[in-house]
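Remarks on the structure that follows.
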Amino acid sequence: MPRPIRVLVAKPGLDGHDRGAKVVAAALRDAGMEVIYTGLHQTPEMIATAAVQEDVDVVGLSILSGAHMTLFPRVRELLHVAGRDDILLTGGGIIPQSDMEALQRTGVGRLFGPGTSTGDLVRYIREWFAERQPQDA
Amino acid sequence: MTSAALLAEFRARRPAALARAISIVENRRPGFEAILAALYPSTGRARRIGVTGPPGAGKSTLTAQLTSAWRAAGHTVGIVAVDPTSPYTGGALLGDRIRMEAVALDDGVYIRSLATRGAGGGMSAAAADAADVLDAFGFDRVIIETVGVGQSELDVAQATDSCLLVLVPESGDAIQALKAGLMEVADLFVVNKADRPGADQIRRDIEFTLRLRAAPAAAVPRAPAPWTPPVLATAAVTGTGIADVLGALDAHYAYLFETGSLAERRRARLQARVVDIVDRRMRERMWEDAAATTWLAGQLDALAARETTPFAVADALLARPGGLGRRTP
Ligand SMILES: Nc1nc2c(ncn2[C@@H]2O[C@H](COP(=O)(O)OP(=O)(O)OP(=O)(O)O)[C@@H](O)[C@H]2O)c(=O)[nH]1
Ligand SMILES: [Mg+2]
């Protein structure tokens, strides 16, 4: 039996509501994934530490604060230091197209703008997981 | 990564290797038994504490408080937090880390969330294995948090040295469960959210029920004297009462140690462990040979026609060459 995909959903930054992140977490759970939800105000260090300890396949960040150009690269860097370059780093928020492209060039996965259906994210994660070199899967 | 490379990284105390070892064991990936076997000699040092109780009782908040206190005393802590898998989708929302933020960045703390997966409402079968892996990594304390839904309370008591049952002032029905013997497993009762009204009442109810149960035993003195579970009140959000819980856990551990019950509990756990492995091996050995399934399919007509019985078919299956042999009556 295939194991469930494990995803960390985190809400970094100072902005104070996590409705979007909770909707995403619930959608991924309903799609059969194991979702570790860590709550509001997560620092990149907390996110990377949790991702490593939980041995997730995917980290999804919800960023509305505008700090995406620092937060995504910082989490990518910390995952690299921990030896977890294989983790897919994805997410969404209010992120201009040009920033999305710039981030993707630094090893961040696809990013989703506001109003994207959670179904798109589910499909993206599933396809990524299916294509990935089998590690322990 | 090969098992040998993983074990080397594990012994070099790389958190990613610890995390991966738990995954391999949880997923029953090839080589998981070799990993557990290699780690076995390093297990048996951690004190294992179970934290169980109804949803939302404050188990994670309490776990974080105990962890902070143990860290302040210089002990390292590994945590396994088990939440239910949805039987419909196979997915799970694992949210225990939210309440453990205060210890999340501490190098001496490792938190791992596990879903129950196929465990039929009970604790994840992998949780006890994960506790072994954390023990082998060298954590001084290993906490297993599970949501108490009947079976999981028994499972967590089996897997730990001290089992703490967390209730809240609203847990009136818990007293019924106590009477039904469901909570015989608790070594310690904690009435959390004692900042709310009703905490004293439920404490008294639990104590009364415990005394009723203890009375006949007290009439017949035996050595060692039985452990009477203390009933404590906490407000885990503020830390009120945590020192009492720590004291009671130490007292319980001392009791277990001095009476020899600790060794007894741990030996019972090892016995159950071997029985589990034998059960699994026998099942695998029985059915890995496709001919067994084919032969069974060939018996279905006779079974349906009531010409033979399921018992006779099972015995014949076990007695086949390559079967497991029949117990002589
Ligand atoms: N008033 C009050 N609230 C508390 C106390 N302890 C925990 N809570 C709150 O109760 C809620 C649930 O706490 P958790 O620690 O997540 O409870 P849990 O038992 O781990 O929950 P599950 O793992 O979901 O079953 C949170 O909102 C906590 O802040 C307490 O002592 N008093
Ligand atoms: Mg919890």
Side-chain angles (χ1 to χ4, degrees), chain A residues 1-12 18 21-58 78-87 118 122 125-126 133-137, chain B residues 1 3 6 9 12 14-32 35 60 78-81 83-107 109-118 124 126 130 133-134:
Chain A
M1 215 182 84
R3 68 174 177 87
I5 303 172
R6 282 173 71 87
V7 187
L8 179 82
V9 173
K11 178 82 184 67
D18 61 348
K22 279 182 174 159
V23 169
V24 166
L28 297 179
R29 175 203 54 199
D30 293 344
M33 301 181 197
E34 289 180 358
V35 182
I36 294 98
Y37 184 63
T38 54
L40 285 165
H41 308 315
Q42 299 289 298
T43 64
E45 286 74 15
M46 290 164 91
I47 292 164
T49 300
V52 170
Q53 291 185 351
E54 299 288 356
D55 196 20
V56 295
D57 306 294
V58 180
L78 290 167
L79 290 175
H80 171 73
V81 171
R84 292 302 313 271
D85 285 327
D86 59 303
I87 289 177
T118 51
V122 167
I125 291 176
R126 278 189 181 147
Q133 287 289 358
Q135 307 256 325
D136 65 323
Chain B
M1 204 188 294
S3 289
L6 179 70
E9 293 258 292
R14 297 269 296 164
L18 165 60
R20 182 52 51 89
I22 292 177
S23 298
I24 291 172
V25 167
E26 181 187 24
N27 294 321
R28 300 289 189 251
R29 285 295 169 246
F32 85 92
I35 289 176
S60 299
I79 300 167
V80 183
D83 280 315
T85 293
S86 157
Y88 305 106
T89 67
L93 196 51
L94 311 171
D96 295 308
R97 293 186 84 97
I98 298 173
R99 308 289 164 208
M100 301 186 187
E101 219 171 277
V103 293
L105 278 181
D106 184 331
D107 278 349
V109 177
Y110 176 97
I111 306 168
R112 181 59 175 256
S113 313
L114 295 179
T116 51
R117 298 195 178 171
S124 144
V133 177
L134 291 171

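These numbers come from the heavy atoms of this one structure, side chains and all, not from hydrogens, waters or symmetry mates.
To the nearest 0.5 Å, atoms CD1 (A/I36) and CG (B/L114) are separated by 9.0 Å. A/R29 CZ to B/T85 OG1: the interatomic distance, rounded to the nearest 0.5 Å, is 11.5 Å. Here the OG1-CD distance, from A/T43 to B/E101, works out to 8.5 Å after rounding to the nearest 0.5 Å. Once rounded to the nearest 0.5 Å, the distance linking CG of B/L94 with CE of A/M33 reads 13.5 Å. Within the model, atoms CG of A/D55 and CG of B/N27 stand 8.5 Å from one another, a figure rounded to the nearest 0.5 Å.
Of the two parts of B/L18, neither the backbone nor the side chain holds a non-hydrogen atom closer than 4.5 Å to a non-hydrogen atom of chain A. Of the atoms belonging to B/V109, it is backbone heavy atoms, and not side-chain ones, that fall under 4.5 Å from chain A. There is no contact between B/R28 and chain A, counting heavy-atom distances below 4.5 Å. Looking at A/A51, there are no atoms closer than 4.5 Å to chain B (heavy atoms on both sides), in backbone or side chain. Only the backbone of A/L40 comes within contact range of chain B, with heavy atoms under 4.5 Å apart. In this structure, chain A has heavy atoms under 4.5 Å from both the backbone and the side chain of B/S113. Proximity to chain B involves both the backbone and the side chain of A/A25, based on heavy atoms less than 4.5 angstrom apart.
Inter-residue side-chain proximity for A/Q53 and B/P15 is flagged as unmet; no heavy-atom pair is nearer than 4.5 Å.
Contact count versus chain B (heavy atoms, under 4.5 Å) is highest, among A/A50, A/A26, A/G83, A/A82, for A/A50. Taking A/Q42, A/H41, A/R6, A/E45 one by one and counting their heavy-atom pairs under 4.5 Å with chain B, the maximum is reached by A/R6.
What you find for A/T38 and B/I98 is that their closest heavy atoms are C-CG1, 3.7 Å. Minimum heavy-atom separation, B/R14 to A/V81: NH2-O, 4.3 Å.
A salt bridge between B/R117 and A/E34 is present, with a side-chain N of the basic residue lying under 4.0 Å from a carboxylate O of the acidic one.
A donor-acceptor contact shorter than 3.5 Å is absent between the side chain of B/R97 and the backbone of A/Y37.
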